[in-house]
Protein chains: 2
Amino acid sequence: METKQENKKVFLEIVKQLKELIDKEHIKPGDKLPSERVLSERLAVGRSSVREALRSLELLGLIETRQGGGTFLSSGQNIQLVEILSSFILRVSPSVDEVHTTRRMHEKEAIRVICSDKNLTALPVWESLFYKIEVESEVVRDHILRELIIASGNRLSLKIWMQLAAYSATPLKKITTKKEKPILLVLLKSIQLGFKKEALEAYEQWMFTIKNNLINENQSN
Amino acid sequence: METKQENKKVFLEIVKQLKELIDKEHIKPGDKLPSERVLSERLAVGRSSVREALRSLELLGLIETRQGGGTFLSSGQNIQLVEILSSFILRVSPSVDEVHTTRRMHEKEAIRVICSDKNLTALPVWESLFYKIEVESEVVRDHILRELIIASGNRLSLKIWMQLAAYSATPLKKITTKKEKPILLVLLKSIQLGFKKEALEAYEQWMFTIKNNLINENQSN
DNA sequence: AAGCGTAAAGTGGTCTGACCACTTTTAGTT
DNA sequence: AACTAAAAGTGGTCAGACCACTTTACGCTT
């Protein structure tokens with residue numbers, strides 16, 4: 001009677017136990033999971049139930065399966081997710097513009113958070129980026145943005161952003177020295193000083209520059 | 001030899017066919033899907049394969065299952081997704097604070113977008129909310145926030161927000177007349193006038209009030 | 001004829017065993 | 001030591017059997 005709370009579906013319970021097993025056995029992305037038959041024995045459930053759980057995780061892109069080989073903890077991204085979710089839930093796949101707007105939202109918020117926290121503005125990564133931009137000049141844009149969001153400390157936001165970034169791949173990935181470089185330096189310097197307003201302005205300028213670059217690219221084609 | 005491209009896994013193929021079936025038969029959210037046995041016959045596959053596909057979609061929250069009742073196309077939210085995804089990918093489930101911060105981010109951005117667009121500030125829904133708050137006083141907070149994001153026009157942001165909102169269910173769902181009401185009226189009025197700064201300030205005040213309410217609630221226990 | 005209660009049918013939940021296709025390992029031969 | 005073929009391991013799929021639960025249908029009572 002009192003066990004009604006625990007009366008979850010078995011395959012969901014397996015998903016949960018699978019996660020615990022991964023943690024406990026220190027299975028890392030790319031590593032092999034126990035075979036279906038072994039799992040079914042260890043968890044004392046039927047193989048079909050194990051398969052239902054594994055198939056679910058596969059659709060989510062969390063594991064990869066090779067027939068005859070085994071089941072492996074996934075390492076990379078999972079593009080199917082976005083596609084399936086959007087085709088089922090939204091019924092209309094999100095427009096390019098929506099993805100773009102949403103990822104920009106997360107980036108701007110990261111800047112706001114960082115500028116408001118002295119511990120974050122003093123992070124060594126800003127010096128590092130400074131150096132890379134000024135000397136190497138071969139920095140990928142998304143890398144900088146990623147660092148911003150990582151620094152903001154919101155891992156959930158980072159995860160969402162990575163999904164969006166993977167979805168809206170930018171044609172021009174690396175910075176163009178001429179115009180972008182000075183703007184980026186202003187952005188980073190503003191961040192280091194905690195100048196929120198200035199940082200956001202530089203960010204907007206940066207996005208504007210990127211946009212113009214894209215237009216020029218398209219025209220030359 | 002040339003069929004190697006189509007050599008997809010059966011359960012993925014079923015997921016695809018299931019989607020087509022839903023479209024073709026005009027199955028709407030809440031409607032019942034054919035039974036597992038029927039599906040297995042119609043698609044000429046084993047019932048276990050059908051189940052693997054259905055269980056996958058269930059984990060995604062796209063369908064709901066009632067034992068003895070049937071399988072239904074999901075209508076509402078799906079909590080599990082965020083939880084499972086984050087627990088597997090992030091390896092650390094997002095803290096309550098992260099979920100909270102992220103959903104607030106989307107709410108604030110919606111306010112910014114709305115205030116910057118005359119077409120949006122003039123939306124009839126603001127009058128409607130105005131009326132509900134002032135007269136009925138029984139409005140659910142999340143409902144107001146949801147309208148904000150809907151109005152902002154970013155369906156993707158809305159989708160993400162709904163996930164987060166479902167995850168961080170607020171104990172106090174309805175507005176408390178005494179303190180919140182005037183703040184909310186300021187918020188809505190500011191939006192109608194396109195006063196971005198004032199609207200955001202009112203929003204922050206609102207969140208502050210809610211936070212205080214929660215603290216008081218906890219103390220009285 | 002209407003209402004009710006029970007039996008039957010329908011449906012998801014789970015397990016078992018079997019077979020196939022493919023990969024990895026093992027063992028044996030050269 | 002290198003190569004090859006057999007064996008073991010593993011995922012992929014199917015069929016059948018029960019169980020627990022819900023919905024439907026039927027027959028009885030009123």
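As a basis for the values below, the full set of heavy atoms in this structure was taken, side chains included, without hydrogen atoms, waters or symmetry mates. Per chain, numbering begins at 1; letters A, B, ... match sequence-line order. In this text the structure is predicted, and so the values were computed from the model without any measurement.
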> Which value, rounded to the nearest 0.5 Å, describes the distance between B:Ser157 atom OG and B:Leu148 atom CG?
Replying inline: 11.0 Å

What protein N or O atoms touch nucleotides 4-10 of chain D N or O atoms at under 3.5 angstrom, if any, and at what distances?
unit_1	atom_1	unit_2	atom_2	d
D:dG9	N2	A:Gly68	O	3.1

> Does a side-chain N-to-carboxylate-O contact under 4.0 Å join B:Glu58 and A:Arg55?
Replying inline: no

> Atom CG of B:Leu33 to atom C1' of C:dG12: distance rounded to whole Å?
Replying inline: 13 Å

> What pair of heavy atoms forms the shortest contact from A:Trp206 to A:Leu187, and how long is it?
Replying inline: CE3-CD2, 3.9 Å

> Whole-Å distance between C:dT14 P and A:Ile14 CD1?
Replying inline: 8 Å

> Stepwise, does the salt bridge (Lys or Arg N to Asp or Glu O under 4.0 Å) test hold for B:Lys19 with B:Glu13?
Replying inline: CA-CA 10 Å; B:Lys19 185 199 171 309; B:Glu13 185 61 29; over 6 Å; no

> In residues 39-50 of chain A, which ones come under 4.0 Å of DNA chain D, going by heavy atoms?
Replying inline: A:Arg47

>> Regarding A:Glu41 and A:Arg37, does a basic nitrogen lie under 4.0 Å from an acidic carboxylate oxygen?
In response: no

>> For D:dG12 and A:Arg55 - does any side-chain N or O of the residue sit under 4.0 Å from the phosphate oxygens OP1/OP2?
In response: yes

>> Rounded to whole Å, please give me the gap between CD in B:Glu52 and C1' in D:dG11.
In response: 10 Å

> Salt bridge between B:Glu109 and A:Lys108, side-chain N to carboxylate O under 4.0 Å?
Replying inline: yes

> If you measure from the Lys or Arg side-chain nitrogens to the Asp or Glu carboxylate oxygens, is any gap between A:Glu52 and B:Arg47 under 4.0 Å?
Replying inline: no

>> Looking at A:Arg146, I want to see if its CZ is surrounded by more than 12 non-hydrogen atoms of other residues, nucleotides or ligands under 6.0 Å.
In response: no

